[in-house]
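Scroll down for the structure; my scribbles are underneath it.
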Amino acid sequence: MQLDDLYREVIVDHYNRPRNFGRPEKWDIMVEGKNPVCGDEIVIYLTVKDDVVSECRFEGKGCTISIASASVMTESLIGKSLGEIRLVLSDFNRLLRGEVCQRCEQYSDAIAFQGVTKFPVRVKCALLAWKTLEGAIPDSGTHQA
Amino acid sequence: MQLDDLYREVIVDHYNRPRNFGRPEKWDIMVEGKNPVCGDEIVIYLTVKDDVVSECRFEGKGCTISIASASVMTESLIGKSLGEIRLVLSDFNRLLRGEVCQRCEQYSDAIAFQGVTKFPVRVKCALLAWKTLEGAIPDSGTHQA
Amino acid sequence: MALDPRQIKADFPIFAAQVRNGRELVYLDNGATTQKPRVVIDAERDFYSSEYGTVHRGIYHLSAMATGLYEAARETVADFVNARLTKEIIFTRGATDSINLVARTFGDRFIGKGDEIILSEFEHHSNMVPWLMLQERTGARLVYVRSTPDWRLDMTDLRSKLSSRTKLVAITGMSNVLGTINDIDMICQLAHEHSARVLVDGAQLVPHFGFDVRATDCDFLAFSSHKMLGPTGVGVLYLKEEIGAAVPPYLGGGDMIEYVRYDGFTTNELPYKFEAGTPNIAGVIAFAKAIEYLQGLGIENIIAHEREVTEYALDRLLSLEGIEIYGPKTPDKRGALFSFNYKDIHSHDVASILDFANIAVRAGHHCAQPLMQRLGVNSTARASFYVYNQKEEIDILRESLKQCERFLKHAVG
Amino acid sequence: MALDPRQIKADFPIFAAQVRNGRELVYLDNGATTQKPRVVIDAERDFYSSEYGTVHRGIYHLSAMATGLYEAARETVADFVNARLTKEIIFTRGATDSINLVARTFGDRFIGKGDEIILSEFEHHSNMVPWLMLQERTGARLVYVRSTPDWRLDMTDLRSKLSSRTKLVAITGMSNVLGTINDIDMICQLAHEHSARVLVDGAQLVPHFGFDVRATDCDFLAFSSHKMLGPTGVGVLYLKEEIGAAVPPYLGGGDMIEYVRYDGFTTNELPYKFEAGTPNIAGVIAFAKAIEYLQGLGIENIIAHEREVTEYALDRLLSLEGIEIYGPKTPDKRGALFSFNYKDIHSHDVASILDFANIAVRAGHHCAQPLMQRLGVNSTARASFYVYNQKEEIDILRESLKQCERFLKHAVG
Ligand SMILES: Cc1ncc(COP(=O)(O)O)c(C=O)c1O
Ligand SMILES: Cc1ncc(COP(=O)(O)O)c(C=O)c1O
């Protein structure tokens, strides 16, 4: 286990230069998420055209992992249909549970978060944006015991 | 430590043939005591003439130690003034705390209860009658932390 | 596979430590608390010695490890009682604490004036006093189901007492005085027909027979670690998710909240909502080891052993002249726990004298004073068995009981 | 005599076990929980291995011994906090449980609608939520005393807020975020002038400075074993006898009763009235060993060590560029506990990166969310010290903090 597994260059890069950051002029779906334990907050804005995400932006405060993960998420959602989003969501959840996920290679830099599984306490950070989005896509069917 | 320290012959004798047992025709002071843990119950009856205990009887249900101790108590109180009773009470308490008590030799068979100190859980049994009486003699000043 | 108590005993350091006057310890107060196997003792020691940290909050290694072990213990318990969801398992201080939790949350929210709580006549004080206190707070009424002459729950009486007023049936799985095992499946079914919830006091039952919360469909199950080879200071409350979500919190403090403001707060999700403050981390982790040890023996084998001991004990003890046994005289639906009085020797004297033969039995009211009155006694002695007890120990008990009398007789001279 | 942390460390097995990448464990989360010395670990193991039994009820040898040890532990605690009577010491599950006990007994009996409870702005959730819950139950009001710019309690504000409506001042002895130590003597004096009771949350203060309940004349004192070298799952509530006798019981169950009937009950005397169910026997017994260990080091020496560490840490940390420390910047009336943020690195990242240097610090809101808002931050990192911490560890912390930044910078490329 290396600290670099957590702070992959690409993650730190997304943290320092978050993509799709900042509130857009208009949007179709807005959803807020918080982690009470660390005070992290995130707001996600989705614009949907013909059932396809045309724009996805976010703003918020958080640690390296939660911000980078939100940044990666926005990139991997743009151009996807709502049905596909559900798949991406469940794939990312699986990745963070340490399961094999070949498709994840296709989602922006999502695969970089594989190393986070070695830091169980940080998994929550990596999932903040994704869990938040999940709340806005009611049928996304990822279950938790 | 021997079981005989607890069940001295004289104690078992008092249990089998308790002295001053049974309710008298009349009395001046009556006081009831119970031990909720073991269900033991005791009632003590005192007759006082000119500040001196002329009669002391008891009735109740209990284990060998509590019954024998009540029996011994009645014997050691008869003929004593209320002031002397306080002394007897505190002496018996001291005996059961394992302290030296030379006067105790004078109180009927009280000294036989010395062995009970080796059985801390039975000390309560030995004290039931005495504590009960203490409640009826308000100024008896034995303190407990 | 039959248990081998001799071999099991070797796992429990106390038996080697407590040989007195050449006599091995015959520990028959398992109804009160059980001894601990080496794996449990070592689990606590190892945790403190090499991986101790707090749970749920720390980012650092030790805390992450402790959290992992603590939450794995919750899964072990969930699995053991077959809970649908891990978050339906709340760690408490003990069965008493678990029952009080239900009284303060479910009780205060859903049981009001005129509502009824049904109990048996043979509940432990821990499953009576919280309801008596609720009665004082809310004006709810306690209703007691009669016992049959054989000291079983009178199911006809239960049926007749269940009504739309019944909000809860709070009942012991197994009596800690009589050994009686209640028909929880049937009780749940009957209660649910009246939309009443069922709390099972599993303190005695669970250690000896296991429990399946889904098969019985009970709503609450309370039990204690220390009565099933685990450490002191740990208990479990299983409660159905839907209820946990609907009731107010129990204790206030760290971990049970989501957000706190100076003027209010919101509660955390299950199970944390009911676990305020730093939990008994080491205790919980070691408790999981106790469960694994029991699972290693095999619950089926434990049940078979319990049956065998029960049959033998009933046979050997009932045939002893002068003994009175309180509780069912047949081994069906009955645990290996026997309350008795011998001749007219006070139970305290019996216990003291047996102690001299290094036999540990309980004497007193067993936290069931009202039942003592029903039984017409002030106190009883009680011998209760577990996985490390051998049938031979019943013979030792029998012989030593006879000595009691001889001893007290002899002393008279 | 000055403490020798190197030597003390040798008493704590974890430090030998947790060497990672050649680096010794620098454990700086003592505010959350402390590590355990061998004497404490062994006390639990030995108790379970050779003398385990239940307390208060058993006639037999093991139970008598366990009861003796358990009650001796109570005396150790009574002596440690200088209680007038041993029975003023109640064993609970932890500080959180202790405070909830007061809220449910004293609170429910004596604090009604319109009555006021005074708190500081920097209470732990455990000393806020129970009162917020009481507010919901009874309509009592919570009143917060302002802090000075230096993050101390504003005594003038306290004076102005005390009134005949004040029923309780519930205040921390030492803040678990700011390190601030309150002037409990003065607070008790002022509160008592208004006939208000004082509850001291001693979770942080007691382990580091000891406490004298008679000298301060406080009415309640709550603290936890696990924050002072003892096992998890044990806490203490000291409460004045006159209060204990006047309030209703807390949990219902075994041991806390005198008599139980099917339709009512009477409570046992102090301290048992508040100890329902089988207690954490092994935990309590081992906790006494922890206190004895601390007494062996000498409370005066611990205080001196705390002072030395505080001075050095303030000096070394305040001089680090980019650090912000929350709490008093001077060592008087302040514990060796430092919340901080470094540059604009999130506290979670700080904690993760420090963890790689085998330094354990806390990150988050430290169960004081409202205070975080007052401080204008989402979270902080926190380094908290104890008897086994050396001044050198402050230097290690300082150097490693600098690495954080370099690490995250470097990674950007
Ligand atoms: C049937 C029953 N219920 C509840 C309890 C209380 O358990 P604990 O003391 O562990 O809280 C006991 C233990 O004596 C019991 O036998
Ligand atoms: C000031 C303060 N009060 C109360 C508590 C709660 O203690 P416990 O979690 O042991 O119940 C803590 C511990 O975090 C604390 O720091």
Side-chain angles (χ1 to χ4, degrees), chain C residues 13-14 17 29 32-33 35-36 41 44-45 48-50 52 54 57-62 93-94 96-97 100 124-126 128-130 132-133 144 224 226 231-233 251-254 257 259-262 264-265 276-278 280-283 348 351-352 355 360 362-364 367 369-370, chain D residues 13-14 17 29 32-33 35-36 41 44-45 48-50 52 54 57-62 93-94 96-97 100 124-126 128-130 132-133 144 224 226 231-233 251-254 257 259-262 264-265 276-278 280-283 348 351-352 355 360 362-364 367 369-370:
Chain C
I14 194 127
D29 197 15
T33 198
Q35 297 299 335
K36 317 302 170 204
I41 300 171
E44 280 211 66
R45 188 199 54 190
Y48 282 136
S49 299
S50 61
Y52 178 69
T54 191
R57 287 296 154 80
I59 297 289
Y60 52 87
H61 180 66
L62 285 174
R93 185 167 53 176
T96 301
D97 193 25
N100 278 274
H124 188 278
H125 290 165
S126 290
M128 286 189 61
V129 183
L132 288 167
M133 288 168 69
Y144 293 91
S224 290
H226 71 94
T232 52
L251 306 189
I257 55 87
Y259 289 103
V260 178
R261 299 181 320 275
Y262 284 122
F265 70 97
T278 307
N280 187 351
I281 309 170
H348 275 195
S352 277
D355 183 37
R362 188 63 162 280
C367 294
Q369 286 172 346
Chain D
I14 193 129
D29 197 15
T33 197
Q35 297 298 336
K36 316 304 171 202
I41 300 171
E44 280 211 64
R45 187 200 53 190
Y48 282 136
S49 300
S50 61
Y52 179 70
T54 192
R57 287 295 154 81
I59 296 290
Y60 52 88
H61 180 65
L62 285 174
R93 184 168 54 177
T96 301
D97 192 26
N100 278 276
H124 187 279
H125 291 165
S126 290
M128 285 188 61
V129 183
L132 288 167
M133 288 168 68
Y144 294 90
S224 289
H226 71 95
T232 53
L251 306 189
I257 55 87
Y259 288 102
V260 179
R261 299 181 320 273
Y262 284 121
F265 69 97
T278 307
N280 187 349
I281 308 169
H348 275 194
S352 277
D355 183 36
R362 188 61 163 281
C367 294
Q369 287 172 344

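Fair warning: this is a prediction, and the values are worked out from it, not measured in the lab. Residue numbering restarts at 1 for every chain, and letters A, B, ... go by the order of the sequence lines.
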(request) List the steps and the verdict of side-chain contact (heavy atoms from CB on, under 4.5 Å) for L62(D) and I14(C). (result) CA-CA 10 Å; L62(D) 285 174; I14(C) 194 127; 4.1 Å; yes
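- Interatomic distance, R93(C) CZ to R93(D) CZ, rounded to the nearest 0.5 Å: 7.0 Å.
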(request) Begin from the C-alpha positions of T278(D) and S224(C) and carry the test side-chain contact (heavy atoms from CB on, under 4.5 Å) through to its verdict. (result) CA-CA 9 Å; T278(D) 307; S224(C) 290; over 6 Å; no
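- If you measure heavy-atom distances from I281(D) to chain C, the contacts under 4.5 Å come from both the backbone and the side chain.
- When all heavy atoms of F265(C) and M133(D) are compared, the closest pair comes out as CZ-CG, 3.5 Å.
- Among A351(D), P370(D), S126(D), the residue making the largest number of heavy-atom pairs under 4.5 Å with chain C is P370(D).
- If you tally non-hydrogen atom pairs under 4.5 Å between each of G283(C), S50(C), G94(C), G264(C) and chain D, the highest count goes to S50(C).
- With respect to chain D, the highest number of heavy-atom pairs below 4.5 Å among A360(C), G233(C), S49(C) belongs to S49(C).
- Between V260(C) and M128(D), the closest heavy-atom pair is CG1-CE, 3.8 Å.
- Summarising the geometry of K36(C) relative to Y48(D), their closest heavy-atom pair is CG-CD2, 3.4 Å, with the distance given to 0.1 Å.
- Of all heavy-atom pairs between A363(D) and I59(C), the closest is CB-CG1, 4.1 Å.
- When all heavy atoms of G277(C) and T96(D) are compared, the closest pair comes out as CA-OG1, 3.3 Å.
- The contact between N100(D) and chain C is made entirely by side chain atoms (from C-beta outward), counting heavy-atom distances below 4.5 Å.
- Considering only residues two or more places apart in sequence or on other chains, T33(D) meets the side-chain hydrogen bond (donor to acceptor under 3.5 Å, both in side chains) condition with Y52(C), H226(D).
- Between the CG atom of D97(C) and the CG atom of L251(D) there is a distance of 5.5 Å, given to the nearest 0.5 Å.
- Although no hydrogens or angles enter the test, the distance criterion places a donor-acceptor pair under 3.5 Å between the side chain of Y144(C) and the main chain of Y262(D).
- In this structure, H61(D) NE2 and S352(C) OG are separated by 13.0 Å, a value rounded to the nearest 0.5 Å.
- With chain C as the partner, the residue from P13(D), A276(D), A17(D), P231(D) showing the most heavy-atom pairs under 4.5 Å is P13(D).
- For the atom pair I257(D) CD1 and Q369(C) CD, the distance stands at 4.0 Å (nearest 0.5 Å).
- Across every non-hydrogen atom of P130(C) and G253(D), the tightest pair is CD-N, 4.5 Å.
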